[in-house]
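Chain letters run A, B, ... following the sequence lines, proteins first and then strands; every chain starts at 1.
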Amino acid sequence: MKRTHTCGELSTKHLNEQVTLEGWVHSRRDHGGILFVDLRDRYGLTQVVFNPTNLTEEDYPKAESLRDEYVILVQGKVVPRLEGTENEKISTGEIELVAEHFEIQNIAQTPPFLVSEEGEISESLCLKYRFLDLRRPMVQNNFIQRHQIVRTIRNYLDDNRFLDIETPVLCRSTPEGARDYLIPSRTHPREFFALPQSPQLYKQCLMMAGMDRYYQVAKCFRDEDLRADRQPEFTQIDLEMSFVDEDDIFQLIEGLMKSVFANVLGKDLEIPFLRISYDDAMNRFGSDKPDMRFDMEISDLSKEVQDVDFRVFKQVIESGGAVKCIVAPDCAKYSSGEIDKLRKKAESFGANGLAWFKVTSEGAQSPIAKFFTSDQIEKIQKKSGASEGDLLLFVAGEKNMVHDVLGKLRLEMAERLGLIKDDLFVFAWVTDFPLLEWDEEASRYVAMHHPFTSPKECDQESWDANPQNLRARAYDIVLNGVEIGGGSIRIHKKEVQEKMFSFLGISTEEANDKFGFLLKALSFGAPPHGGIALGLDRLVMLLLGQRSLRDVIAFPKTQKASCLLSAAPSEVDDSQLKGLSLKFLDEE
RNA sequence: GGGGGCGUAGCUCAAUUUGGUUAGAGUGCUUGACUGUCGAUCAAGAUGUUGCGGGUUCGAGUCCCGUCGCUCCCGCCA
């Protein structure tokens with residue numbers, strides 16, 4: 001015997017039909033003479049009534065033995081609920097199933113937490129019993145929606161002529177980027193594979209192979225420390241296109257997001273997205289992933305305060321730094337204690353201090369007001385757009401630090417003041433990233449995006465003049481202040497790629513050793529190409545309004561990168577180590 | 001590598017500030033009663049290595065040291 005329906009589909013349309021359901025006992029209500037069981041599967045709940053008058057003498061006591069999470073099969077008749085006992089909370093609430101025959105397919109231990117309970121349960125317990133946690137309808141819903149999102153993306157890319165091509169998981173370890181997960185090779189003692197941080201070079205090779213448009217729902221691995229929005233193993237919607245420029249990528253992704261919003265969330269998404277250059281993003285929002293759901297932009301007051309008799313500001317300006325501020329609306333009422341907390345916050349972000357002004361009807365109120373003329377105060381007020389009742393927060397110092405601190409303070413204040421509306425999705429493209437970044441530790445330039453990103457200027461003069469000023473043809477896509485993807489137009493000329501390597505301090509020999517296959521491929525007719533990778537987990541997390549990636553990954557790792565369900569990683573047998581020619585250092 | 005938070009009954013939490021009788025509540029669990037519940041109700045009952053180890057003390061869930069786990073953040077994440 002098998003089920004004829006799921007637990008979510010019976011309605012008054014099925015009245016008087018003989019049906020069979022299978023599922024889990026979600027909850028039971030035993031009234032002595034009559035017993036109600038809510039039967040659950042992925043599709044919903046159906047109330048089953050066990051009444052002695054409809055059951056054999058052996059079956060009724062068996063029904064009384066039912067407990068939470070038992071798996072049963074029930075056969076019976078669909079009947080309307082008695083008037084006044086309908087349940088509006090469930091889709092099948094107008095009917096119930098009168099059990100005439102049933103089988104207990106499996107009993108269950110008392111679960112460590114209630115599947116039917118909606119409250120919070122400690123995360124480690126959920127992960128240890130993830131198979132139970134995933135039974136909870138609220139949790140299950142995330143994965144049903146995640147599936148819908150992926151399906152929509154696949155359909156959209158298919159409609160746009162993309163080929164889904166798999167790339168290896170056992171890869172070559174390459175310098176640059178995050179720490180690799182390494183896999184020792186048995187067949188090549190002393191040698192290692194690396195798990196891919198992204199399929200970057202393979203997808204470029206596919207473009208050189210004339211595949212024209214590639215995509216993949218690709219697992220990527222980075223052996224770095226975790227955060228709420230960072231797992232060591234994550235999924236990218238990875239894609240690459242030939243004969244395109246930035247606008248082609250933007251339009252493709254805007255269309256993709258529009259499709260996802262329409263099909264999954266039932267919302268109309270406005271396109272095209274906002275576009276902002278890296279420099280603008282830093283100057284206006286203090287971040288390369290600006291949350292543009294609210295304003296509170298940063299104002300540069302360096303010019304306005306250059307003649308002010310306040311030593312801190314004066315020294316900063318003289319040494320080439322900047323004085324900038326944000327305006328916290330309606331915060332002039334803050335007590336000195338509250339402002340002191342903000343100062344500490346700012347200092348924890350890296351500031352040397354926090355200067356402030358309250359804008360009141362009697363003018364600027366601040367311990368440093370005495371250093372300013374009324375004309376200067378007026379100019380500051382005008383430039384920052386502050387009005388009566390507002391609080392101005394100043395940070396002075398080296399430009400990057402000022403941006404960083406004010407950017408973080410801006411987010412802090414927005415959260416405090418509730419300026420961010422729920423249910424708002426604001427996408428933005430961040431463009432014109434610097435090509436290179438100076439790495440203090442290694443005392444050399446490193447690629448800000450990756451070494452295969454095309455510079456905007458390929459001529460020797462620009463390169464020689466000032467490498468810091470070189471811009472990349474790279475772009476990030478930002479949603480509500482979270483980076484959900486990034487990509488670039490790639491280098492497709494061998495000479496440019498070689499120049500890039502040499503700039504990064506990678507010698508010709510090393511380049512040939514580690515990236516020889518790419519350089520070779522570039523020399524056999526590589527088309528202009530570019531692409532992007534979207535962080536699927538982050539995207540799903542944001543679209544579903546979840547706080548952690550763990551909510552949208554079926555079997556996530558803990559912050560120490562272990563799996564509580566399977567207890568991975570684990571020790572292995574000595575024989576396994578021997579087969580891999582491995583030995584622990586402390587055994588030598 | 002660094003900083004913060006948490007760890008008490010199966011689960012969620014209280015008792016920790018100020019060390020002091022037998023570590024409590026809700027829920028779940030067990031048993032019983034009950035023929036229309038849906039967070040069923042009512043009655044009775046069982047359940048503790050206070051994460052682990054050490055120390056201080058007449059006395060430690062509470063204070064100190066160490067350690068483990070979970071979590072948030074900084075570093076790190078091309």
Side-chain angles (χ1 to χ4, degrees), chain A residues 26-39 45-54 60 64 67-69 79 81-90 92-93 96 98 109-129 132-133 174-180 197-198 200-201 220-232 234 345 348-350 404 408 433-437 439-442 445-453 472 474 476 483 486-488 500 504 506 533 535 547-548 550 556-562 564 567:
Chain A
H26 189 64
S27 67
R28 68 183 227 292
R29 295 174 292 282
D30 187 350
H31 285 248
I34 190 170
L35 176 68
F36 300 95
V37 163
D38 289 338
L39 199 64
L45 291 174
T46 303
Q47 174 163 282
V48 181
V49 186
F50 293 88
N51 193 318
T53 57
N54 299 304
Y60 191 73
E64 284 184 308
R67 290 294 179 273
D68 284 356
E69 302 309 312
V79 302
R81 294 219 188 169
L82 298 181
E83 209 175 321
T85 66
E86 300 88 352
N87 186 349
E88 286 171 14
K89 290 183 208 157
I90 58 176
T92 61
E96 62 195 12
V98 178
Q109 282 180 31
T110 301
F113 53 85
L114 284 178
V115 172
S116 55
E117 205 167 67
E118 279 171 24
E120 292 288 304
I121 293 152
S122 86
E123 194 129 357
S124 47
L125 197 73
C126 287
L127 293 183
K128 189 172 172 188
Y129 293 94
L132 290 179
D133 187 38
T174 52
E176 308 287 308
R179 190 179 293 114
D180 281 327
Q197 295 178 30
S198 86
Q200 185 59 35
L201 294 178
C220 303
F221 307 85
R222 294 176 190 176
D223 189 4
E224 299 289 350
D225 286 335
L226 289 81
R227 292 284 188 283
D229 63 351
R230 257 166 42 191
Q231 282 272 314
F234 61 101
K345 202 97 201 176
S348 78
F349 294 147
D404 193 46
K408 286 173 175 160
F433 277 85
L435 182 70
L436 305 165
E437 221 174 355
D439 184 331
E440 287 291 344
E441 217 171 295
Y445 283 110
V446 294
M448 191 158 185
H449 186 58
H450 60 49
F452 320 108
T453 298
D476 276 357
E483 181 200 326
S488 62
M500 187 71 184
L504 298 176
I506 300 172
R547 296 176 146 259
S548 166
R550 291 183 296 273
K557 303 277 190 288
T558 67
Q559 195 157 39
K560 279 262 178 74
S562 54
L564 294 181

Rounded to whole angstroms, how far apart are [atom1] on [X] and [atom2] on [N]?
| X | N | atom1 | atom2 | result |
| --- | --- | --- | --- | --- |
| A:Glu117 | B:C38 | CD | P | 17 Å |
| A:His450 | B:C77 | NE2 | P | 15 Å |
| A:Asp404 | B:C73 | CG | P | 15 Å |
| A:Lys557 | B:C70 | NZ | C1' | 16 Å |
| A:Asp180 | B:C76 | CG | C1' | 14 Å |
| A:Phe349 | B:G75 | CZ | C1' | 15 Å |
| A:Arg81 | B:A40 | CZ | C1' | 13 Å |
| A:Leu132 | B:G10 | CG | C1' | 12 Å |

For [N], give the paired nucleotide (Watson-Crick: N1-N3 plus N6-O4 or O6-N4; G-U: N1-O2 and O6-N3; both under 3.5 Å), or none.
| N | answer |
| --- | --- |
| B:U50 | none |
| B:U62 | none |
| B:C11 | B:G26 |
| B:C70 | B:G5 |

I'd like to know if the side chain of [X] reaches the main chain of [Y], judged simply by a donor and an acceptor atom lying under 3.5 Å from each other, with no hydrogens or angles considered.
| X | Y | answer |
| --- | --- | --- |
| A:Arg81 | A:Glu96 | no |
| A:Gln231 | A:Lys557 | yes |
| A:Glu86 | A:Gly84 | yes |
| A:Glu176 | A:Pro451 | no |

Remember a base hit wins even if backbone is also touched, and classify [X] as base, sugar-phosphate or nothing at under 4.0 Å, heavy atoms.
| X | value |
| --- | --- |
| A:Thr174 | nothing |
| A:Glu120 | sugar-phosphate |
| A:Ser348 | nothing |
| A:Glu437 | nothing |
| A:Asp30 | base |
| A:Arg67 | sugar-phosphate |
| A:Leu127 | nothing |
| A:Gln231 | nothing |

Would you call A:Arg550-A:Glu123 a salt bridge at under 4.0 Å N-O?
-> yes
Pair A:Arg29 + A:Asp38, salt bridge at N-O below 4.0 Å |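 Judged by the 4.0 Å cut-off on N to carboxylate O distance, A:Arg29 and A:Asp38 do form a salt bridge.
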Check whether any side-chain nitrogen or oxygen of [X] sits under 4.0 Å from OP1 or OP2 of [N], and answer yes or no.
| X | N | answer |
| --- | --- | --- |
| A:Thr110 | B:C29 | no |
| A:Arg29 | B:C34 | no |
| A:Thr53 | B:U35 | no |
| A:Lys89 | B:G39 | yes |
| A:Ser562 | B:C70 | yes |

What integer number of Å spans the [atom1] atoms of [N] and [M]?
| N | M | atom1 | value |
| --- | --- | --- | --- |
| B:U16 | B:U62 | P | 12 Å |
| B:U30 | B:C70 | C1' | 32 Å |
| B:U57 | B:A15 | P | 28 Å |
| B:G66 | B:G2 | P | 12 Å |
| B:G28 | B:U47 | C1' | 11 Å |
| B:G53 | B:C72 | C1' | 27 Å |
| B:U18 | B:C6 | C1' | 23 Å |
| B:A44 | B:G59 | P | 40 Å |

Answer yes or no: side-chain N or O of [X] and base N or O of [N] forming a donor-acceptor pair under 3.5 Å.
| X | N | result |
| --- | --- | --- |
| A:Arg230 | B:C77 | yes |
| A:Arg28 | B:C38 | no |
| A:Gln559 | B:G69 | no |
| A:Arg547 | B:C72 | no |
| A:Asp225 | B:G75 | yes |
| A:Gln47 | B:U37 | yes |

Measure the spacing between OH of A:Tyr60 and CG of A:Asn51 and express it to the nearest 0.5 Å.
-> 7.0 Å
Inter-residue atom distance A:Gln47.CD - A:Leu39.CG, 0.5 Å rounding |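 Reported value, rounded in 0.5 Å steps: 11.0 Å.
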Heavy-atom distance under 4.5 Å between the side chains of A:Leu127 and A:Asp133, does that happen here?
-> no
Is A:Phe36 stacked on the base of B:U37 when the test is centres under 5.5 angstrom and planes under 30 degrees?
-> yes
Could you tell me whether the side-chain ring of A:His31 sits stacked on the base of B:A40, using a centroid cut-off under 5.5 Å and a plane angle under 30°?
-> yes
When the nearest nucleotide of RNA chain B is assigned to A:Ser122 and to A:Asp68 on a heavy-atom basis, which residue is associated with the more 5' position?
-> A:Ser122
Nearest-nucleotide comparison on RNA chain B, the residue closer to the 5′ end among A:Ser124 and A:Glu96 | A:Glu96
Select one nucleotide: of B:C70, B:C76, B:U71, the one nearest the side-chain heavy atoms of A:Arg227.
-> B:C76
